[in-house]
There are 2 protein chains.
Amino acid sequence: MQSKNARTLSFETALRAAGIRMTRQRRTILEVLAESEAHPDANQLFRDVLARDTSISLSTVYRTMRILEERGAIQRHIFDDGRARFEHSDREHHDHLIDIETGRVIEFRSEKIEQLQAEIAAELGYELVRHRLELYGVPKKSGARASRGRK
Amino acid sequence: MQSKNARTLSFETALRAAGIRMTRQRRTILEVLAESEAHPDANQLFRDVLARDTSISLSTVYRTMRILEERGAIQRHIFDDGRARFEHSDREHHDHLIDIETGRVIEFRSEKIEQLQAEIAAELGYELVRHRLELYGVPKKSGARASRGRK
DNA sequence: GTTGCACTTGCAAATGCGTGTCAATTTGCT
DNA sequence: AGCAAATTGACACGCATTTGCAAGTGCAAC
């Protein structure tokens, strides 16, 4: 559980090492993304960034996201709304459960499912490279306890 | 395993019952989709349809797909290329494995995974409404047996 | 079979999200 | 400071899909 600053910092260090220049715009974008606990799309990110620095364009947000994705620093997810959403790669792999009513995204991880997927692929003659698993659901009414998996 | 005609016919009957007019264009589109063993996107479908009837527009293909989807007659899938692909709903539920090298789509079904997903959702306080599971892989080299799961 | 009207269609233009272009600016190095 | 190369903002463009609208068509009622 590293601090926001540390997270942003490690980002910067990694990018510098990859020969990527650290500009004012990129620094701001990285800060905002690092602090975000959600899965923002390009537009959301753009708005959040604008709040700190009015001289950043949407193009730059898109470009930065692409660069970060190529470097493996972030991950891009496309849920059913068709828009790309971004999140840090510095956490362990996980899948997503999307609340149909609110759009809230909950992260989870299941070893069993991970393993089953590999087995299924193997059975079909394939080597699993990656997968996409999204659960879409509504909060249970009875004995509601929908406070797990923060964020 | 019903014949192509029967499949198209049941489609028509269902649509009529739902108050949807059976036009020449819709009939052709339905026929082509019913006979298709693949997961065509709008453009592919459009081309296939054009081969039988030159007076059908891409708009109509899109509109028809939307209507059919709303009625639950077909399912829409969006894999990593971002385009929508369509398939009949008259088969049992299944997930997809996509061959990264060829783009081939293989269908599979795993009760264990289905069940695990529901369990995970429940644990997080949600009732599972639907899910999306896609495996992306490459054919195994050793003792290749990648001829399973036709289509 | 003719009629009437709501439903459909084709076409062109419009969306929405994302990428390409390019002149002007900025960065990192010396 | 001085410069080459990387980066940026503004805007044009690309692609898949949707929409507005005038003209055409299915089909229930005569």
Side-chain angles (χ1 to χ4, degrees), chain A residues 11-33 39-50 52-71 73-86 103, chain B residues 11-33 39-50 52-71 73-86 103:
Chain A
F11 239 9
E12 287 198 19
T13 313
L15 293 177
R16 297 298 279 282
I20 294 179
R21 290 186 183 172
M22 190 47 50
T23 64
R24 176 173 46 82
Q25 293 89 331
R26 285 181 179 160
R27 209 182 321 267
T28 306
I29 292 173
L30 293 180
E31 273 174 31
V32 171
L33 186 60
H39 296 69
D41 60 23
N43 239 303
Q44 182 61 55
L45 198 52
F46 178 49
R47 276 193 309 249
D48 293 350
V49 157
L50 270 188
R52 304 197 185 186
D53 185 340
T54 22
S55 73
I56 291 184
S57 73
L58 183 55
S59 305
T60 298
V61 172
Y62 275 116
R63 270 190 293 239
T64 304
M65 290 303 101
R66 189 136 60 90
I67 290 173
L68 292 181
E69 190 189 5
E70 281 164 7
R71 294 295 183 286
I74 65 166
Q75 289 202 243
R76 173 190 304 258
H77 300 294
I78 302 183
F79 302 143
D80 272 7
D81 61 11
R83 266 168 281 142
R85 291 155 182 281
F86 309 96
Chain B
F11 238 9
E12 285 200 22
T13 314
L15 292 177
R16 298 294 279 281
I20 294 179
R21 290 186 183 170
M22 192 46 51
T23 63
R24 176 173 46 81
Q25 292 88 333
R26 284 180 181 163
R27 209 182 323 268
T28 306
I29 292 172
L30 293 181
E31 274 173 31
V32 170
L33 187 59
H39 295 71
D41 60 23
N43 238 304
Q44 182 61 55
L45 198 53
F46 178 49
R47 275 194 308 248
D48 292 350
V49 157
L50 270 188
R52 304 196 187 187
D53 185 339
T54 21
S55 73
I56 290 183
S57 74
L58 182 55
S59 306
T60 297
V61 171
Y62 274 114
R63 274 191 284 237
T64 303
M65 290 304 100
R66 191 129 63 91
I67 289 173
L68 292 182
E69 190 188 6
E70 281 164 6
R71 295 295 183 286
I74 65 166
Q75 288 202 243
R76 173 191 303 258
H77 300 295
I78 302 182
F79 302 142
D80 271 7
D81 60 12
R83 268 168 281 141
R85 290 153 183 282
F86 308 97

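Lettering of chains follows the sequences in order, A, B, ..., and the numbering in each one begins at 1.
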Under 4.0 Å protein heavy-atom contacts per nucleotide of nucleotides 4-17 of chain D, with B for base, S for backbone only and - for none: -BSSBBBB----SB
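Using a 4.5 Å heavy-atom cutoff, the side chains of A:Met65 and A:Leu68 are in contact. In this structure, the side chains of B:Arg63 and B:Arg66 stay at 4.5 Å or more apart for every pair of heavy atoms. Residues B:Arg83 and B:Asn43 are not in side-chain contact: their nearest non-hydrogen atoms beyond the backbone lie 4.5 Å or more apart.
C:dT26 atom C1' lies 14 Å from atom CG of A:Asp53, rounded to whole Å. One atom, CD of B:Glu70, and another, P of D:dT18, lie 10 Å apart when rounded to the nearest Å.
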Audit row: A:Gln44, A:Asp41, side chain to side chain contact (heavy atoms under 4.5 Å, CB included) steps and yes/no: CA-CA 5 Å; A:Gln44 182 61 55; A:Asp41 60 23; 3.3 Å; yes
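With A:Arg26 contributing its side chain and A:Thr64 its backbone, the two residues share no donor-acceptor pair below 3.5 Å.
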